[in-house]
Asker: 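Got a structure here, written out as structure tokens. Questions coming.
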Amino acid sequence: MLKILDTVCGYGKVPVLEALSFSVEAGEILCILGANGIGKTTLFKSILGHIGLISGQILLDGKNIELLNNTDRAKQMAYVPQAHIPPFPYKVIDVVVMGRAAHIKTFAQPTKADTEIAEEALRVANIIDLRDKAYTEISGGERQLVLIARAIAQESGLLIMDEPMANLDFGNQSRIMKQIRDLALTGISVIYTTHNPEHAFLCSDKVLAIKSRTKYALGEAGQIITNDLLREIYHIDAEIMEIKLRDRLVRVCIPCS
């Protein structure tokens, strides 16, 4: 689905990430870990085509994203930002219908079919009861689920999520992770960032850990997330422990100080 080939990401001629390569297949979940300011957002901007690459290639279904126009990119990639509050109190259904923009001709109005697709996206996200509520008046967790529903309505094969669990309570974090897993089961590829390595244990097929501008670790969470990795990325001593949860073992990260 997505291939990053020996890319150098940055602004102008100033590199932020160098010699980065990885791929994400259909229905695969990639979790990206890294400290604040390490370049995760810059990577997302490069994948989405908001900034150009200094060198290398990004291929989407075999096509160089630099050759795709904004509409074609939007049909293939959906972006879920961190929760935000818009300046106008749109209804939830209207926010989700906005995800249909790439499928609507310029100056045209959303059709009944577009609204039906948006309503189905709300059902998939299990928030159809929010349909007619004001987006500005629902909780942060609900807003994040609405943004996911908007991305679902976009009908793209790749979903990019920027810290989807940030500032959410424990319950809403669990709901977002379940939603990510459910979407992957339908064949949608998901890339998301988080500052909590436990999320990677609970919700990923593989992990990209950004250590520095030129150093990375890529693999399954259980293989690459170690005490040493946490110390290298976050500059803190932590212990990874296994606990038995019902009929399975779950890894947790405990700070040592």
Side-chain angles (χ1 to χ4, degrees), residues 1-2 24-31 44 47-48 60-61 70-106 108-169 171-194 199 203:
M1 178 78 192
L2 178 73
V24 182
E25 304 300 329
E28 193 170 45
I29 303 172
L30 172 67
C31 174
F44 277 0
I47 295 173
L48 293 165
L60 189 61
D61 283 342
N70 290 336
T71 298
D72 288 336
R73 288 174 186 159
K75 288 180 179 179
Q76 297 187 62
M77 294 186 288
Y79 175 59
V80 178
Q82 292 186 39
H84 70 290
I85 300 177
F88 302 106
Y90 297 107
K91 287 185 178 181
V92 163
I93 184 62
D94 295 329
V95 173
V96 179
V97 168
M98 291 176 190
R100 300 296 301 159
H103 303 274
I104 300 172
K105 293 182 179 179
T106 306
Q109 296 291 322
T111 65
K112 180 180 178 182
D114 291 316
T115 301
E116 290 174 348
I117 290 171
E119 289 175 337
E120 179 58 25
L122 287 171
R123 292 189 186 92
V124 170
N126 199 29
I127 51 171
I128 188 64
D129 56 307
L130 300 178
R131 184 192 188 283
D132 296 314
K133 292 188 176 181
Y135 180 72
T136 51
E137 296 177 4
I138 59 179
S139 71
E142 289 171 332
R143 283 199 298 271
Q144 197 69 0
L145 286 167
V146 171
L147 293 177
I148 292 174
R150 184 181 68 177
I152 294 171
Q154 198 168 324
E155 296 186 320
S156 303
L158 173 63
L159 180 58
I160 297 174
M161 310 176 75
D162 189 5
E163 296 185 32
M165 276 77 78
N167 302 315
L168 299 184
D169 63 35
N172 279 317
Q173 289 184 33
S174 299
R175 293 182 187 97
I176 296 296
M177 284 189 284
K178 181 181 184 303
Q179 191 63 62
I180 291 173
R181 292 192 297 267
D182 289 346
L183 290 173
L185 290 175
T186 70
I188 294 176
S189 305
V190 181
I191 304 175
Y192 77 94
T193 59
T194 180
H199 293 159
C203 184

Asker: Can you run down the salt bridge (Lys or Arg N to Asp or Glu O under 4.0 Å) pairs that involve residues 125-139, sequence neighbours left out, and say none if there aren't any?
Answerer: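 Non-adjacent pairs meeting salt bridge (Lys or Arg N to Asp or Glu O under 4.0 Å): E119-R131.
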Asker: Can you list the residues that meet the side-chain hydrogen bond (donor to acceptor under 3.5 Å, both in side chains) rule with S139, with sequence neighbours excluded?
Answerer: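 By the side-chain hydrogen bond (donor to acceptor under 3.5 Å, both in side chains) rule, S139 matches E142.
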Asker: Start with the C-alpha distance between V80 and Q144, add both sets of side-chain angles, then the distance that settles side chain to side chain contact (heavy atoms under 4.5 Å, CB included), and finish with yes or no.
Answerer: CA-CA 8 Å; V80 178; Q144 197 69 0; 3.9 Å; yes
Asker: Compare every heavy atom of I160 with every heavy atom of M77, then report the nearest pair and how far apart it is.
Answerer: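 Shortest heavy-atom contact: SD-CD1, 4.3 Å.
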Asker: Hey, are the side chains of K112 and E116 touching, using non-hydrogen atoms and a 4.5 Å cut-off?
Answerer: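 Counting from C-beta outward, K112 and E116 do come under 4.5 Å.
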Asker: With a 3.5 Å cut-off and sequence neighbours excluded, list the donor-acceptor pairs that the side chains of residues 85-104 form with protein atoms.
Answerer:
unit_1	atom_1	unit_2	atom_2	d
R100	NE	D114	OD1	3.0
R100	NH1	A153	O	2.9
R100	NH1	E155	OE1	3.0
R100	NH2	D114	OD1	3.4
H103	NE2	Q154	O	2.8

Asker: Taking only residues two or more places apart in sequence or in another chain, which ones pass side-chain hydrogen bond (donor to acceptor under 3.5 Å, both in side chains) with S189?
Answerer: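 If we apply the side-chain hydrogen bond (donor to acceptor under 3.5 Å, both in side chains) test to S189, skipping adjacent residues, there are no hits.
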Asker: Ignoring hydrogens, what is the shortest heavy-atom contact between I176 and P164? Give both atom names and the distance.
Answerer: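 Between these two residues, the closest heavy atoms are CG2-CB, 3.9 Å.
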Asker: Taking all non-hydrogen atoms of both residues into account, name the closest pair between C203 and I29 and its distance.
Answerer: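 Closest pair (atom of C203, atom of I29, distance): O-CG2, 3.7 Å.
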Asker: Under 3.5 Å, side chain of Y192 to main-chain N/O of I180, donor-acceptor pair present?
Answerer: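 Side chain of Y192 to backbone of I180, a donor-acceptor pair under 3.5 Å: no, none is there.
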Asker: Only one of L122, L130, I127 forms a side-chain contact (heavy atoms from CB on, under 4.5 Å) with L145, so which one is it?
Answerer: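 By the side-chain contact (heavy atoms from CB on, under 4.5 Å) criterion, L145 pairs with just one of L122, L130, I127: I127.
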Asker: For I191 and L2, run side chain to side chain contact (heavy atoms under 4.5 Å, CB included): C-alpha distance rounded to whole Å, both residues' side-chain angles, the deciding distance at 0.1 Å, then the answer.
Answerer: CA-CA 10 Å; I191 304 175; L2 178 73; 3.5 Å; yes
Asker: Given side chain to side chain contact (heavy atoms under 4.5 Å, CB included), test L183 with I148 step by step and report yes or no.
Answerer: CA-CA 10 Å; L183 290 173; I148 292 174; 4.0 Å; yes
Asker: Are there more than 12 heavy atoms of other residues, nucleotides or ligands under 6.0 Å from atom CD of Q109?
Answerer: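 At most 12 heavy atoms, drawn from other residues, nucleotides or ligands, come within 6.0 Å of this atom.
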Asker: Does the side chain of R73 come within less than 4.5 Å of N70's, by heavy atoms?
Answerer: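 A side-chain contact under 4.5 Å exists here.
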Asker: Is any side-chain heavy atom of Q82 less than 4.5 Å from a side-chain heavy atom of L147?
Answerer: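 Q82 does not reach L147 side chain to side chain.
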Asker: Residues in side-chain contact (heavy atoms from CB on, under 4.5 Å) with N126, at least two apart?
Answerer: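 side-chain contact (heavy atoms from CB on, under 4.5 Å) check on N126 returns nothing, list empty.
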Asker: State the CG-CD1 distance between L159 and I152, to the nearest 0.5 angstrom.
Answerer: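 Rounded to the nearest 0.5 Å, the CG-CD1 separation comes to 7.5 Å.
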Asker: Salt bridge (charged side-chain N to carboxylate O under 4.0 Å, His left out) with E120: which residues, sequence neighbours excluded?
Answerer: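 Per chain and number, E120 pairs via salt bridge (charged side-chain N to carboxylate O under 4.0 Å, His left out) with R123.
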Asker: Walk me through whether K75 and T71 qualify under side chain to side chain contact (heavy atoms under 4.5 Å, CB included).
Answerer: CA-CA 6 Å; K75 288 180 179 179; T71 298; 3.8 Å; yes
Asker: Could you tell me which residues satisfy side-chain contact (heavy atoms from CB on, under 4.5 Å) with D61, sequence neighbours excluded, listed by chain and number?
Answerer: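 Per chain and number, D61 pairs via side-chain contact (heavy atoms from CB on, under 4.5 Å) with M1, Q76.
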Asker: Are the side chain of T193 and the backbone N or O of E163 linked by a donor-acceptor pair below 3.5 Å?
Answerer: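 Present.
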Asker: For D182, check side-chain hydrogen bond (donor to acceptor under 3.5 Å, both in side chains) against everything at least two apart and list the hits.
Answerer: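 For D182, the residues satisfying side-chain hydrogen bond (donor to acceptor under 3.5 Å, both in side chains) (neighbours in sequence not counted) are K178.
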Asker: Counting only N and O atoms by type, is there a donor-acceptor contact under 3.5 Å from the side chain of R143 to the main-chain atoms of I138?
Answerer: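 Side chain of R143 to backbone of I138, a donor-acceptor pair under 3.5 Å: yes, one is there.
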Asker: State, to 0.1 Å, how close A149 and A121 come at their nearest heavy-atom pair, and which atoms those are.
Answerer: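 The answer is O-CB, 3.3 Å.
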Asker: side-chain hydrogen bond (donor to acceptor under 3.5 Å, both in side chains) with Q173: which residues, sequence neighbours excluded?
Answerer: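 If we apply the side-chain hydrogen bond (donor to acceptor under 3.5 Å, both in side chains) test to Q173, skipping adjacent residues, the hits are H199.
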